[in-house]
Structures are given as C-alpha cells and as structure tokens.
Student: 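Attaching a single structure in structure tokens format; questions to follow.
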Amino acid sequence: MAFLGGARLLDWASSPPHLQFNRFVLTGYRPVSSGSGCLRSLFYLHNELGNIYTHGALPIIYCTLACSPLVRSIALLGYTGLSSYGIFCAVTARSSVRRLRAFAWQALFRFFFFYLRWVGLGTGHPTSLRSYLIMDGLAFLGGVINISRVPERWKPGSFDYWFNSHQIMHVLVVVSILYLHWGVVADLHWIANYACPKE
C-alpha cells in the first residue's frame, strides 16, 4: 500500500511531543503536517501506517434495554457523556497508564449491562453476552500490551515500523470489534423474532 515518497521522517527525540509516548520506537515518526500532508501519509511508509489501516458499547446498551425505550435513551445519553469524558482524559493524560485508566468508567458502565443480562433483567440473545465479554477482554489485553511496550522494550529500534505494541493493540481491537459485531447481530436477530413482554 505504501508507494509514494513521503515527508522526511523523524526520530523519537525530534518528533512532536504528543507522539513521544513510546521511547522504544526510535524512528519513523511523521512530522507535523497540513491536512493534505496527513492524507498523503496514507501512501508512504512510517511507523503509524499499520495503525491507520487497522483502526462499542452503544449497541450493547440498545439491545439490552430494547424493551425499555425511556431507560434506554437515558443510558445511551449517559454512556455518550462518559465516553466524551474518557476521551478528554485520554487526550490530556500524562502517561500511558493514565490514558488506559481514562476509560475505566466506560468499562464499569458496560459491565453493569453485562450484569443485567447475566441475571436476566436485560433483553438479548442468550449467547451474545459471551461475545461481548471476549470483546472487552481482547480490548483490555490490547491496552495492557500497549502500555507495557512489548516487544519493542526488549529490542529498541527493531519494531519501529511493524509489530510494535501499538500495532498489536490495534489488531486486537479489530478482532474485538468483530466479536462486538457477532454479539450485536445475534441480539438484533433475537429482537426481531421475540416481542418485548407486555407490562
């Protein structure tokens, strides 16, 4: 995919401060660019190219509360607020651990809905909960690998372009999203075939 000559790439020390979160990836950083420069970077090799090409709880909440429209709307609004707060905290975090921790409230919110499913208070396909738990497990594993900086921590400079922790995290997130998709598809089929109980 990378076929154009790109901007002169930077090493870690001369890269922009917002990119200096992994001191074990030594080279291949893009300089600050215009919008057209960012678009052009889709077509030349740099250390974020794998991340660009490899990049949900809203469906879980929607399906779990399918039979309670008012509660569902409130929950979706609350989760959107928590997501916005999590993004703000992640963007302003001063360490990788704090960046990962920024999404803890979102995780707790999702696990509350998993609990509702588990005890039979929420709607949805009986097997979709397993897909959602695998989804969250893979996303969490990706986050842990990303903050641990493995494997580049073991051999700095050897994983600058491929197979560094950030790219592994992206791949795990993609697989995580597949599990989200499978869980949601099962839930939507279930909702289409089973009416909500009459109150």
Student: Is there a side-chain contact between Leu10 and Pro16 in this structure, where contact means two heavy atoms from C-beta onward sitting under 4.5 Å apart?
Tutor: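 Yes, side chains in contact.
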Student: Do Val185 and Tyr179 belong to the same hydrophobic cluster, where Ile, Leu, Val, Met, Phe, Trp and Tyr are linked whenever their side-chain heavy atoms lie under 4.5 Å apart, directly or via other members?
Tutor: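 Per the 4.5 Å side-chain linkage, Val185 and Tyr179 are not co-clustered.
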Student: Heavy atoms only: give me the nearest Ile168-Pro151 pair and the separation to one decimal.
Tutor: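 In this case the closest contact between Ile168 and Pro151 is CD1-CD, 3.9 Å.
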Student: Side chain to side chain contact (heavy atoms under 4.5 Å, CB included) for Leu180 and Tyr132? Distances and angles first, verdict last.
Tutor: CA-CA 6 Å; Leu180 170 64; Tyr132 297 144; 4.0 Å; yes
Student: Asn146 side chain to Gly142 main-chain N or O, any donor-acceptor pair under 3.5 Å?
Tutor: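 No.
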Student: Using atom types as modelled and distance alone, determine if a side-chain donor or acceptor of Ser73 lies under 3.5 Å from a backbone N or O of Pro69.
Tutor: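 It does hold such a pair.
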Student: Please tell me if the side chains of Ile60 and Met135 come closer than 4.5 Å, counting only heavy atoms from C-beta onward.
Tutor: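 Sidechains of Met135 and Ile60: in contact.
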Student: For a quick check under 3.5 Å, do Glu152 and Ser158 share a side-chain donor-acceptor pair by atom type?
Tutor: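 Their side chains do not contain a donor-acceptor pair, so the 3.5 Å distance test is not met.
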Student: Hey, any chance Ile61 and Leu121 share a hydrophobic cluster, counting ILVMFWY side chains that come within less than 4.5 Å of each other, even indirectly?
Tutor: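 In one cluster: yes.
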Student: Ile177 versus His181: any side-chain heavy-atom pair under 4.5 Å?
Tutor: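 Of all side-chain heavy-atom pairs linking His181 with Ile177, none is under 4.5 Å.
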Student: Tell me whether Leu77 is reachable from Trp105 by hopping between hydrophobic residues (I, L, V, M, F, W, Y) whose side-chain heavy atoms are closer than 4.5 Å.
Tutor: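 Not linked; separate clusters.
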Student: Give the intermediate values and the outcome of ring-ring contact (aromatic ring centres under 6.0 Å, His included) for residues Phe111 and Tyr115.
Tutor: CA-CA 6 Å; Phe111 279 105; Tyr115 173 77; over 10 Å; no
Student: For a quick check under 3.5 Å, do Thr27 and Asp160 share a side-chain donor-acceptor pair by atom type?
Tutor: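 Their side chains do contain a donor-acceptor pair, which is all the 3.5 Å distance test asks for.
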Student: Would you say Phe114 has more than 12 foreign heavy atoms packed within less than 6.0 Å of its CZ?
Tutor: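 Atom CZ in Phe114 is packed in, count exceeds 12.
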Student: Would a 4.5 Å heavy-atom cut-off, applied to side chains only, mark Asp187 and Arg117 as touching?
Tutor: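 Answer yes - side chains close enough.
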Student: Give a yes or no answer on whether the side chain of Gln167 reaches the backbone of Tyr161 with a donor-acceptor pair at less than 3.5 Å.
Tutor: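 Side chain of Gln167 to backbone of Tyr161: a pair is present.
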Student: Should we count CZ of Arg153 as having more than 12 external heavy atoms under 6.0 Å?
Tutor: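 It does: Arg153 CZ has more than 12 such atoms within range.
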Student: What heavy-atom pair brings Ala75 and Leu65 nearest, and what distance separates the two atoms?
Tutor: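 The pair with the smallest heavy-atom distance is CB-CD1, 3.8 Å.
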Student: What are the two closest heavy atoms between Ser165 and Arg149, and how far apart are they?
Tutor: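 Taking Ser165 first and Arg149 second, the nearest heavy atoms are OG-CA, 3.6 Å.
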Student: On a heavy-atom basis, which atom in Gly183 and which in Ser128 lie closest, and how many Å separate them?
Tutor: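 Distance-wise, the nearest heavy atoms are O-CB, 3.5 Å.
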Student: Please answer whether the main-chain N or O of Leu76 pairs with a side-chain N or O of Thr80 as donor and acceptor at a distance below 3.5 Å.
Tutor: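 Yes, Thr80 side chain to Leu76 backbone: donor-acceptor pair under 3.5 Å.
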Student: Which residues satisfy the side-chain hydrogen bond (donor to acceptor under 3.5 Å, both in side chains) test with Ser148, sequence neighbours excluded?
Tutor: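 side-chain hydrogen bond (donor to acceptor under 3.5 Å, both in side chains) check on Ser148 returns nothing, list empty.
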Student: Would you name the heavy atoms of Trp162 and Leu45 that are closest together and state the gap between them?
Tutor: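 Trp162 and Leu45 have their closest heavy atoms at CZ2-CD1, 3.8 Å.
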Student: Please check if atom CH2 in Trp182 has more than 12 non-hydrogen atoms from other residues, nucleotides or ligands closer than 6.0 Å.
Tutor: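 More than 12 within 6.0 Å, yes.
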Student: When you measure from the side chain of Tyr62 to the backbone N and O of Arg72, does any donor-acceptor pair fall under 3.5 Å?
Tutor: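 Side chain of Tyr62 to backbone of Arg72, a donor-acceptor pair under 3.5 Å: no, none is there.
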Student: Would you please test Phe24 and Asn164 for side chain to side chain contact (heavy atoms under 4.5 Å, CB included) and show each step?
Tutor: CA-CA 9 Å; Phe24 301 107; Asn164 61 57; over 6 Å; no
Student: Would you tell me whether Arg110 and Tyr79 have side-chain atoms, one donor and one acceptor, within less than 3.5 Å of each other?
Tutor: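 Side-chain D/A pair, Arg110 to Tyr79: present.
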Student: How about Val184 and Ser131: do any of their side-chain heavy atoms sit closer than 4.5 Å?
Tutor: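 Val184 does not reach Ser131 side chain to side chain.
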Student: Using a 4.5 Å cut-off on heavy atoms from C-beta on, say whether the side chain of Leu129 contacts that of Trp118.
Tutor: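 Result yes, sub-4.5 Å side-chain heavy-atom pair found.
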Student: Going by heavy atoms in the side chains, are Pro31 and Arg8 under 4.5 Å from each other?
Tutor: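 Side chain of Pro31 against side chain of Arg8, heavy atoms only: no contact under 4.5 Å found.
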Student: Same cluster or not: are Leu70 and Phe109 linked, directly or through other Ile, Leu, Val, Met, Phe, Trp or Tyr residues, by side-chain heavy atoms under 4.5 angstrom apart?
Tutor: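 No, Leu70 does not connect to Phe109 through the hydrophobic network.
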Student: Can you tell me if Thr123 uses its side chain to pair, donor with acceptor, with the backbone of Thr64 under 3.5 Å?
Tutor: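 Yes, Thr123 side chain to Thr64 backbone: donor-acceptor pair under 3.5 Å.
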Student: So Thr127 and Trp190, do their side chains get closer than 4.5 Å, heavy atoms only?
Tutor: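 Heavy-atom side-chain distance check fails, nothing below 4.5 Å.
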Student: Assigning hydrophobic clusters by single linkage (Ile, Leu, Val, Met, Phe, Trp, Tyr; side-chain heavy-atom cutoff under 4.5 Å), is Met169 placed with Val150?
Tutor: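 They do not share one cluster, since no chain of ILVMFWY contacts under 4.5 Å joins Met169 to Val150.
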Student: Going from CD1 on Ile134 to OG on Ser176, what distance comes out if it is rounded to the nearest 0.5 angstrom?
Tutor: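 Result: 10.0 Å between the selected atoms.
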